[in-house]
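Below: the structure, in structure tokens.
Values reported hereafter were calculated over all heavy atoms of this structure, with side chains retained and with hydrogens, waters and symmetry mates removed. Residue numbering restarts at 1 for every chain, and letters A, B, ... go by the order of the sequence lines.
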There are 2 protein chains.
Amino acid sequence: MPLLTQLQTAGLRATPKRIAIGGLLFDGVDRHVTADDVADMARKAGIKVSLATVYNTLNQFVAAGILKRIILDTDRTYFDTNVSDHHHLFYETSGDLLDVPGDSLRIEGLPAAPEGARVRAVEVVIRMSGTPVSIGSTAG
Amino acid sequence: MPLLTQLQTAGLRATPKRIAIGGLLFDGVDRHVTADDVADMARKAGIKVSLATVYNTLNQFVAAGILKRIILDTDRTYFDTNVSDHHHLFYETSGDLLDVPGDSLRIEGLPAAPEGARVRAVEVVIRMSGTPVSIGSTAG
DNA sequence: AATTATTTTAGAACAATTCTACACTGGGCT
DNA sequence: AGCCCAGTGTAGAATTGTTCTAAAATAATT
Ligand SMILES: [Mn+2]
Ligand SMILES: [Mn+2]
Ligand SMILES: [Zn+2]
Ligand SMILES: [Zn+2]
């Protein structure tokens with residue numbers, strides 16, 4: 001679904017900053033970014049945008065359901081362009097985050113939700129040490 | 001294992017504050033606490049301890065392996081007296097955290113760790129809405 | 001007792017995020 | 001075109017959990 005449609009569906013006006021930031025994020029590739037990453041991406045792309053607007057826009061995208069907030073680290077919030085149910089491989093030293101497709105893991109024995117409560121999400125985080133893909137290998 | 005033994009094993013001197021804070025935490029009940037919770041518990045128990053010491057002590061306990069750090073929320077770090085492999089039921093509105101025994105969940109289809117990387121932990125968080133146990137029910 | 005190492009602490013510093021309060025835009029209306 | 005106004009964008013201040021600093025207190029060692 002094109003960004004403009006998604007914004008409209010979510011009741012967000014298609015403003016220049018939203019289109020610019022959305023364009024950086026929703027290019028078909030699944031991304032895991034921090035607000036700072038987005039600010040850097042914008043700067044490199046020649047988009048002038050304040051950090052406050054980056055935060056506002058990311059939060060609006062989350063509220064609109066076109067971005068997902070991922071919490072893995074106390075001092076860094078990740079935003080995930082993959083809003084489907086899925087899990088994560090987290091490389092703690094580098095901060096790299098990789099998707100694990102939701103249907104590639106099977107979780108058995110989930111407790112039943114008690115009365116008055118609902119399961120909103122089941123999230124699996126595989127915390128890794130070491131490096132995600134051999135960085136700095138001979139094939140460079 | 002008694003606290004004194006654990007501290008010694010971890011190379012931590014059995015100082016008054018460590019004994020006091022450890023005594024509050026390791027009483028046989030599994031607890032999920034924040035630094036602020038611990039400061040409050042200490043105050044109520046008549047233990048005079050600075051917040052800096054609470055943080056120092058909790059971090060030392062984590063480094064010593066007798067406490068586990070749990071990250072579920074950007075602005076609140078939980079410390080868990082249950083250091084075994086297990087999972088969590090997190091009630092987002094109240095902040096309540098309940099243990100799910102590690103062997104009550106079965107996770108199938110875990111990807112193999114790539115070369116140069118190791119799986120440090122597999123953590124499942126079941127995010128719940130609603131209330132953990134009917135609080136404010138007629139039976140009060 | 002003197003010396004040295006460790007612990008404890010108050011308060012400053014830090015950093016990610018949010019808030020505030022004002023300036024700017026842009027589309028609807030005349 | 002010119003006005004209006006709700007919505008948008010922003011700088012900079014505020015917030016807040018945590019860490020750092022640097023000094024005081026305490027404990028161990030000689
Ligand atoms: Mn923060
Ligand atoms: Mn914080
Ligand atoms: Zn993802
Ligand atoms: Zn636990």
Membership question, hydrophobic clusters at under 4.5 Å side-chain separation (ILVMFWY): are A:Leu72 and B:Tyr78 in the same one? no
Rounded to the nearest angstrom, tell me the gap between atom CG in B:Leu58 and atom P in C:dT8. 13 Å
In whole Å, what is the span from the CZ atom of B:Arg18 to the P atom of D:dT26? 16 Å
Do you reckon A:Leu3 sits in the same ILVMFWY cluster as A:Val62, going by side-chain contacts under 4.5 Å, direct or chained? yes
Does A:Ser50 make a side-chain N or O approach to OP1 or OP2 of D:dT10 shorter than 4.0 Å? yes
Go through D:dG17, C:dT17, D:dT10 for me and flag the one nearest to the A:Thr53 side chain. D:dT10
Here the distance between atom P of D:dA27 and atom CG of B:Leu12, to the nearest Å, is 17 Å
Using atom CG of B:Asp40 as one end and atom P of D:dG17 as the other, report the distance to the nearest whole Å. 12 Å
Short side-chain N/O contact to D:dG17 OP1/OP2 from B:Arg76, under 4.0 Å: no
So, A:Phe61 versus A:Phe26, ring centres under 6.0 angstrom or not? yes
Could you list the residues that satisfy ring pair (Phe, Tyr, Trp, His ring centres under 6.0 Å) with B:His88, not counting sequence neighbours? B:His32, B:His86
B:Tyr55 vs D:dT19: side-chain N/O to OP1/OP2 distance below 4.0 Å: no
To the side chain of A:Lys17, which of C:dT17, D:dT8, D:dT10 is closest? D:dT10
Here's a test of your reading of the structure: between B:Pro16 and A:Ala52, which maps to the more 5' nucleotide of DNA chain D? A:Ala52
B:Arg13 or B:Leu51, whichever maps to the more 5' nucleotide of DNA chain D: B:Leu51
Does B:Asp36 reach a base, just sugar-phosphate, or nothing at all? Heavy atoms under 4.0 Å. nothing
Let me know the distance between CG of B:Asn56 and C1' of C:dT9, rounded to the nearest Å. 9 Å
Quick one: label B:Thr15 by what it contacts on the DNA or RNA (base, sugar-phosphate, nothing), any heavy atom closer than 4.0 Å. sugar-phosphate
Nearest whole Å is fine: how far is D:dT19 C1' from A:Asp73 CG? 15 Å
Joint cluster assignment, B:Val122 & A:Tyr91, ILVMFWY side-chain distance < 4.5 Å: yes
Taking the minimum atom-to-atom distance to the side chain of B:Ala35, which one of D:dT18, C:dT8, C:dA16 wins? D:dT18
Report which part of the nucleic acid A:Thr77 touches: base, sugar-phosphate, or nothing (heavy-atom distance under 4.0 Å, all strands). sugar-phosphate
Nearest-Å distance, CG (A:Asn59) to C1' (C:dC19)? 12 Å
Quickly work out the A:Ile19 CD1 to C:dT25 C1' distance and round it to whole Å. 13 Å
